[in-house]
Structure formats: C-alpha cells, structure tokens
Asker: 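The structure that follows is given in the form of structure tokens.
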Amino acid sequence: MDDSSRLTKTKEQWARARRGGEEREVFYEGDARLPPGQHLVENFPVLDLGFKPNIPITEWTLTVGGFVTTPVTWSWEQFLAQPSFKDRSDFHCVTSWSRYDNDWEGVSFKHLISVVKPLSLAKFVLFKSYDDYTTNLPLEACNDDDVLLAHSWNGTPLSRDHGGPVRVIVPKRYAWKGAKWVKEIVLSDKDEKGFWEVRGYSNTALPWKNDRYG
Ligand SMILES: Nc1nc2c(c(=O)[nH]1)N[C@H]1C(S)=C(S)[C@@H](COP(=O)(O)O)O[C@H]1N2
Ligand SMILES: [Mo]
C-alpha cells in the first residue's frame, strides 16, 4: 500500500468509528503511524500500580545524580526556572492502546544533560518515582530531541492521574518507560532493570519492533 491509500484507509476507519457514535476505538493493521499490534484511542487511559501519590508542589523535589559532574536537586520553582520545552508526540502503551498528538511541555532531557554533565562512564539511566515505581533506559535513548520531563499536557498542568507534578515522556519507547510522579534520576555505568523490566517486560521496549516482552 502506498502512503496516500494508507491515509485514506485510516480516514475511512475514523469516519466509520465516528458515525457509530459511541465507538471510540479504531482497530486496523499496517498503518504508517500506528506501531504493530496497537489500536488507536481518543481518550487518555490511566495506568498505575493501584496507587497515585499526592505530592504538593511545596514538597516536590527532583534529584538527578549518580555518574554526573554536577548533581542537582530542584525545587518546583527551580524546575520551572529551567528553559521551557514543548513537543507533540504519540503515546504507545504496551497493553495495546496508542494516543496521537499529545502536546507536552516541560524541561527537555537534553537541557537536563547540559546541566548535570554526565561522566563519560555514564551509559544508563534509572528513573525512580514517588510511588516506588522504577524504569530504566540507555542514556542514549534519553538524549533525544523528543524526550522531556513534562509538567503540562495539552495546555493544562499535568493531573495527578497522569503523573503530575512531573512525569517523563519517551515517545520512541512504550509508555511504561516514562515514569509518572518522577522523583529521582540516577545515571550509572550499569543497567539496572526497573519494575516491569524485572517482571518479564522488554528491556528495550521498542513499539516499532513489537518488542514487548524480555
Ligand atoms: N510512577 C509510575 N509511572 C508509570 C506507571 C506507574 O505505574 N507508576 N505506569 C507506566 C505505564 S505501564 C504506562 S502505560 C504509563 C501510563 O501513563 P498514563 O496513566 O498517563 O496513561 O505510565 C507509565 N509510568
Ligand atoms: Mo503501560
């Protein structure tokens, strides 16, 4: 299928779904934008470990340390004083739903790197959250143009449900690689697996490779 007929097929599917009224999900295979095995949703499902930590911004801090030259602990004011970064991206959950065109705003990972200055030995990143969730990535995957620490979604402050005050967004990986309620970021020479990674999910988590389980 060429790109234009793919686009047509997508739009027809959307039209059919919308005509149905209640139908909010569209299933199809092989779209250029939708990774294999995923289906599109228009709502924004909430996934967590059954517990949504409540962190008042007066108590919120973000610590970035480990194999870095300049570790930081930012208060909410210090976090907001960093250069603002915006990016629109698609969101792919391993449970098979994807949500297109999410407008994120926050601090770019590239800016964070410029502040903490990783040592040359730093190759891996472990994210730790206020709900004791963890997830891990290679530093190289985080050092990308579309990776950020987000405080806003679609023009409004990130809700507690979706990981506010601040969550991580890594669009090129399945969404479990993006820690909600992020508290600490640790750079290391060693790869330490996170919550889902030790429970059989893929260490790499690449949606385009249908790379779900380890
Ligand atoms: N701290 C924390 N971050 C987390 C999770 C979690 O349970 N706790 N779940 C992950 C999973 S599996 C997904 S799909 C996304 C869900 O984000 P959402 O609830 O905003 O859709 O957050 C990821 N980050
Ligand atoms: Mo997920």
Side-chain angles (χ1 to χ4, degrees), residues 24-25 34-57 59-64 74 76 79 86-107 109 112 125-138 141-142 144 146-186 192-214:
R24 307 298 284 175
E25 297 184 339
L34 193 66
Q38 294 295 108
H39 69 275
L40 211 47
V41 300
E42 287 188 353
N43 60 333
F44 193 3
V46 172
L47 282 93
D48 53 55
L49 303 176
F51 166 63
K52 299 171 181 58
N54 185 19
I55 316 109
I57 51 172
E59 286 165 34
W60 181 90
T61 58
L62 174 66
T63 297
V64 188
W74 281 331
W76 180 247
F79 178 76
K86 292 183 183 183
D87 188 66
R88 175 174 289 183
S89 58
D90 298 346
F91 191 98
H92 309 295
C93 172
V94 73
T95 62
S96 89
W97 58 270
S98 292
R99 190 185 194 287
Y100 287 169
D101 289 330
N102 299 280
D103 282 314
W104 300 106
E105 181 178 355
V107 173
F109 206 92
L112 181 65
V125 183
L126 184 66
F127 297 91
K128 301 180 177 185
S129 295
Y130 282 92
D131 61 347
D132 290 335
Y133 183 85
T134 55
T135 190
N136 60 302
L137 278 169
C142 300
D144 203 344
D146 55 4
V147 176
L148 78 155
L149 313 173
H151 60 64
S152 293
W153 172 78
N154 288 4
T156 53
L158 191 58
S159 66
R160 181 176 162 194
D161 274 1
H162 287 295
V166 175
R167 78 178 299 165
V168 183
I169 292 295
V170 187
K172 293 188 184 76
R173 308 285 167 139
Y174 286 116
W176 90 75
K177 291 289 185 179
K180 296 161 72 165
W181 310 292
V182 67
K183 176 168 81 174
E184 194 179 346
I185 302 175
V186 185
E192 186 181 331
K193 289 185 176 181
F195 183 88
W196 288 119
E197 290 82 5
V198 299
R199 287 168 176 77
Y201 282 86
S202 165
N203 201 37
T204 39
L206 293 159
W208 296 100
K209 294 192 170 167
N210 210 351
D211 165 30
R212 296 166 194 268
Y213 309 105

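Ligands are counted one by one from 1 in listed order, and the atoms in each one are counted from 1 as well. Start at 1 with the first residue, then count along the sequence.
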Asker: Asp211: what forms a side chain to side chain donor-acceptor pair (under 3.5 Å) with it, not counting sequence neighbours?
Answerer: Ser202, Thr204
Asker: Less than 4.5 Å apart, side chain to side chain, heavy atoms only: is that true for Ile55 and Pro165?
Answerer: yes
Asker: Indicate yes or no: at least one non-hydrogen side-chain atom of Lys177 is less than 4.5 angstrom from one of Asn203.
Answerer: yes
Asker: Any side-chain to backbone donor/acceptor pair from Tyr133 onto Trp176? Under 3.5 Å, distance only.
Answerer: yes
Asker: Determine yes or no for a side-chain-to-main-chain donor-acceptor pair under 3.5 angstrom, with Arg173 supplying the side chain and Ala205 the backbone.
Answerer: no
Asker: Residue by residue, ordered by chain and number, which ones reach under 4.0 Å of ligand 1 with a heavy atom?
Answerer: Phe44, Pro45, Val46, Leu47, Asp48, Leu49, Phe91, Cys93, Trp97, Ser129, Asp131, Tyr133, His162, Arg167, Ala175, Trp176, Gly178, Ala179, Lys180, Trp181
Asker: Backbone N or O of Trp153 within a donor-acceptor pair of the Asp103 side chain at under 3.5 Å?
Answerer: no
